[in-house]
Protein chains: 4
Amino acid sequence: MTKKFTEKQIHILDVAEELIAKKGFEGTSVRDICSKAQINVAMISYYFGSKEKMMSYLYQYRVQRTREGFSEFSETIKEGRPEMQMKELIKFLIRQLFKYNYFHGFVTQELRHTEHLKDDLLAFYQLCVSKLEDVVKKGVTSGVFTNMPKAEDILTIILGSSLFVIRNKNFYELYVRDSEEAYFSNAERKVQENLLTTIFAVLGYNPQ
Amino acid sequence: MTKKFTEKQIHILDVAEELIAKKGFEGTSVRDICSKAQINVAMISYYFGSKEKMMSYLYQYRVQRTREGFSEFSETIKEGRPEMQMKELIKFLIRQLFKYNYFHGFVTQELRHTEHLKDDLLAFYQLCVSKLEDVVKKGVTSGVFTNMPKAEDILTIILGSSLFVIRNKNFYELYVRDSEEAYFSNAERKVQENLLTTIFAVLGYNPQ
Amino acid sequence: MTKKFTEKQIHILDVAEELIAKKGFEGTSVRDICSKAQINVAMISYYFGSKEKMMSYLYQYRVQRTREGFSEFSETIKEGRPEMQMKELIKFLIRQLFKYNYFHGFVTQELRHTEHLKDDLLAFYQLCVSKLEDVVKKGVTSGVFTNMPKAEDILTIILGSSLFVIRNKNFYELYVRDSEEAYFSNAERKVQENLLTTIFAVLGYNPQ
Amino acid sequence: MTKKFTEKQIHILDVAEELIAKKGFEGTSVRDICSKAQINVAMISYYFGSKEKMMSYLYQYRVQRTREGFSEFSETIKEGRPEMQMKELIKFLIRQLFKYNYFHGFVTQELRHTEHLKDDLLAFYQLCVSKLEDVVKKGVTSGVFTNMPKAEDILTIILGSSLFVIRNKNFYELYVRDSEEAYFSNAERKVQENLLTTIFAVLGYNPQ
DNA sequence: GATGAATGAGTGTTCATTCAT
DNA sequence: AATGAATGAACACTCATTCAT
């Protein structure tokens with residue numbers, strides 16, 4: 001069952017996510033979060049039970065939202081041809097990763113003591129795998145794709161490459177020479193081009 | 001130039017790396033490390049000056065070793081044909097990432113306050129980019145590769161996918177159902193297959 | 001301007017002063033103070049920011065009180081004859097030193113890293129010098145004093161001798177053989193006699 | 001019995017005294033001393049048993065030297081008239097205090113846990129008292145001094161005023177505006193003038 | 001006789017959390 | 001429902017000292 005949050009609680013989670021993304025879970029103190037959120041130091045324990053539980057709620061909250069978004073998205077492409085579906089799927093995933101980059105970036109690193117939480121994310125990833133699988137099969141059947149790579153391999157490339165770019169800003173900005181603000185949007189575009197090219201190559205895309 | 005370490009110091013660095021990889025830099029206390037390494041709590045300050053300096057030494061130590069390994073490796077493939085060179089290059093990089101997985105996995109996450117250290121890793125990545133570029137060009141010239149993707153895009157896919165598999169064990173082990181011990185070696189093999197297929201596809205490999 | 005302290009904070013400062021006077025700033029641990037004050041070890045950081053800042057507050061607190069006392073005192077003697085004023089001035093200064101003996105005794109020794117704090121004490125001393133100067137001049141003009149020693153020399157003798165007696169208990173108790181408790185009050189009386197005699201001699205006091 | 005020290009040990013004591021005078025006993029680490037003395041960190045424990053015992057030896061060493069100096073000095077004035085003897089005695093004491101200012105300045109503050117050591121200094125002070133007493137009595141008998149103040153009061157004024165000037169540089173340099181280097185020599189001269197005037201006034205000096 | 005690597009006790013401080021209000 | 005004062009545990013680090021060589 002999904003927990004319902006008040007506006008104040010959501011505000012705390014937003015602030016917490018931002019700070020944790022910047023300085024890590026352990027590197028972010030409850031006082032930091034409360035100070036930035038302009039609330040009392042005791043509020044986090046009061047609302048969520050503990051700092052760690054707050055992290056869990058933050059996690060669940062984000063995963064839930066992402067999954068909901070995925071369902072909505074799925075609807076919008078269900079009529080299209082496989083190559084279009086694949087393209088939109090890739091773009092959608094990259095979009096999510098960049099949008100919730102704070103979250104996706106740190107979460108597996110920081111959620112060590114709350115292993116069970118990973119199940120939610122895992123379920124989401126499996127949803128993606130199964131969707132990718134459908135599209136690949138359909139494409140192969142219709143002859144638009146020549147090869148049938150494993151869906152989990154495709155997802156690995158999409159998630160891995162995107163997260164790498166998000167988290168290794170220093171490396172990638174050698175090739176995306178832009179202002180701090182413009183970096184992410186340009187990096188996202190570049191990754192998108194790269195992944196579209198790469199994955200369609202792997203699929204042996206054969207335009208008809 | 002490069003600091004020399006005694007066996008004891010190297011032992012501490014190894015233990016530290018393992019723990020930091022598991023629990024993060026801030027999440028790992030000096031006491032944890034010393035307790036696991038069976039040394040006195042004061043040793044880390046004594047040997048390295050501080051916890052943070054220890055981290056720097058660990059970082060430099062690993063990067064230095066990796067770069068040395070890369071130089072040696074470069075020699076061994078310089079005579080081969082481009083497709084062989086590319087294949088070995090991909091395998092070598094994956095090998096390094098899995099070998100020093102603790103290190104590559106956490107380092108950009110944790111080195112927030114010591115930004116300058118990233119330069120070393122960056123230099124290494126650029127070395128890889130330039131090597132990849134050479135091989136791609138040679139392959140295109142000789143006709144064995146049809147396309148000329150950007151070398152940084154290739155590297156992004158290699159590093160990103162490998163690190164994703166290393167760090168998201170929970171996801172990937174759905175597909176690599178093995179004992180804890182066997183996971184990494186099998187995961188490495190699977191990633192290798194995936195990346196070889198993918199990158200050769202992108203290059204438009206045309207066996208002659 | 002001046003920081004206001006709660007009763008608890010004042011209690012801590014009192015305990016701290018006593019211990020620091022006995023064992024020095026560096027020789028007194030935060031744990032010592034908190035243990036004696038029956039409070040938590042974290043309270044000093046919590047209330048004052050750090051041990052050193054606590055020292056600053058203690059310092060400022062004492063100097064401020066002493067200066068306020070001096071102003072009040074000045075009022076009470078402004079109508080009298082110079083010899084009476086001088087006598088009361090000497091007695092007042094000795095009184096202050098014995099009253100705040102912990103403080104005056106150690107403060108210049110311990111405030112090495114917070115030199116700027118000395119300015120407050122210095123300002124107080126200068127106030128004393130200027131008051132002494134007025135009285136001496138008036139006495140010389142009225143013919144009750146024959147000589148006009150420098151006011152800073154008079155102050156040096158008063159402060160130096162009093163502090164010596166306060167801090168070299170071992171020496172002086174050879175001549176003031178009393179119980180621990182009675183020592184200071186008797187020592188104060190003896191110093192007072194000594195300094196009154198001495199300074200009036202230097203002034204060439206000529207009763208009329 | 002007096003301990004004999006090797007040159008190395010004396011070197012350590014000299015360095016220790018200087019540092020302790022500057023930064024206090026607790027504020028000076030064994031490492032500081034050994035580093036400045038260019039010896040091994042273990043040497044202080046090795047030579048003196050412990051840091052505190054080193055302090056004791058330092059203390060005894062200085063007191064012993066001062067007493068020896070006092071005996072020599074006594075010889076040189078034993079033929080003179082009382083007023084000359086008193087003058088030389090005052091000058092000698094001030095001289096010693098400024099010469100060993102490091103030592104006299106801090107010693108009663110820092111020697112808290114080794115109370116027994118004070119006995120040596122006490123014995124020296126008593127020696128001074130008894131010498132002062134002799135001179136005063138002789139002067140009164142011969143009619144050159146009119147009053148007979150207590151010798152311990154005279155000593156208190158001499159020691160207290162000198163130490164105050166030595167230790168409260170910030171105050172006194174308002175009146176002794178000189179370079180850092182010149183301060184002490186000028187301050188010594190000024191204190192000497194002050195104390196000679198003051199004490200001869202108290203004695204009711206009556207030149208014949 | 002002298003060293004320097006190594007130690008355990010102790011340092012000031014920060015932490016997430018609790019509790020009386 | 002919400003606060004902020006207060007806490008005890010834990011933190012990284014420094015200390016004087018020891019001990020094998």
* Would you please indicate yes or no on a ring centroid separation below 6.0 angstrom for F5(C) and Y47(C)? => no
* To do: With E17(D) as reference, evaluate R62(D), K22(D), K36(D), R65(D) under the salt bridge (charged side-chain N to carboxylate O under 4.0 Å, His left out) test and give the passing residue.
  => R62(D)
* Asked: With both distances under 3.5 angstrom, what nucleotide forms a Watson-Crick or G-U wobble pair with dG10(E)?
  -> dC13(F)
* Structure fact -> Under a 3.5 Å limit on both distances, the Watson-Crick or wobble mate of dT21(F) is dA2(E)
* Asked: More 5' along DNA chain E: G27(A) or V41(B), using each one's nearest nucleotide?
  -> V41(B)
Rounded to the nearest 0.5 Å, how far apart are [atom1] of [X] and [atom2] of [Y]?
X: K23(B); Y: D32(B); atom1: NZ; atom2: CG; result: 4.0 Å
X: I44(C); Y: I12(C); atom1: CD1; atom2: CD1; result: 6.0 Å
X: L19(C); Y: D14(C); atom1: CG; atom2: CG; result: 11.0 Å

Can you tell me how far [atom2] of [N] sits from [atom1] of [X], to the nearest Å?
X: H11(D); N: dA2(E); atom1: NE2; atom2: P; result: 14 Å
X: E26(D); N: dT11(E); atom1: CD; atom2: P; result: 10 Å
X: I44(A); N: dC15(E); atom1: CD1; atom2: P; result: 13 Å
X: M55(C); N: dT11(E); atom1: CE; atom2: C1'; result: 17 Å
X: M54(C); N: dT11(E); atom1: CE; atom2: P; result: 14 Å
X: L19(C); N: dT11(E); atom1: CG; atom2: P; result: 13 Å

* Given dA16(E), is OP1 or OP2 found less than 4.0 Å from the side-chain N or O atoms of S50(A)? -> no
* To do: Ignoring backbone atoms, test whether N40(B) places a side-chain nitrogen or oxygen under 4.0 Å from the OP1 or OP2 oxygen of dG8(E).
  => yes
* Asked: With a 4.0 Å cut-off on heavy atoms, is T6(C) in touch with a base, just the backbone sugar-phosphate, or nothing at all?
  -> nothing
* Just checking K8(B): base, sugar-phosphate only, or nothing, at a heavy-atom cut-off of under 4.0 Å? -> sugar-phosphate
* Any idea which heavy atoms bring A37(B) and H11(B) closest together, and the distance? -> O-NE2, 3.5 Å
* Structure fact -> Here the pair of heavy atoms bringing M43(A) nearest to I39(A) is CB-CD1, 3.6 Å
* Going by heavy atoms in the side chains, are Y46(B) and N40(B) under 4.5 Å from each other? -> no
* For DNA chain F, the residues among residues 29-37 of chain B that have a non-hydrogen atom under 4.0 Å from it -> S29(B), V30(B), R31(B)
* Assign each of M43(A) and Y46(D) to its nearest nucleotide of DNA chain F by heavy atoms, then name whichever residue's nucleotide is nearer the 5' end. => M43(A)
* To do: Evaluate the side-chain contact (heavy atoms from CB on, under 4.5 Å) criterion for residues L13(B) and E18(B): first the C-alpha distance (whole Å), next the side-chain angles of each, then the deciding distance (0.1 Å), finally the verdict.
  => CA-CA 9 Å; L13(B) 290 179; E18(B) 190 186 331; over 6 Å; no
* Mind checking which nucleotides bracket the chain C contacts on DNA chain F, 5' to 3', with an atom under 4.0 Å from a heavy atom? -> dA5(F) to dA10(F)
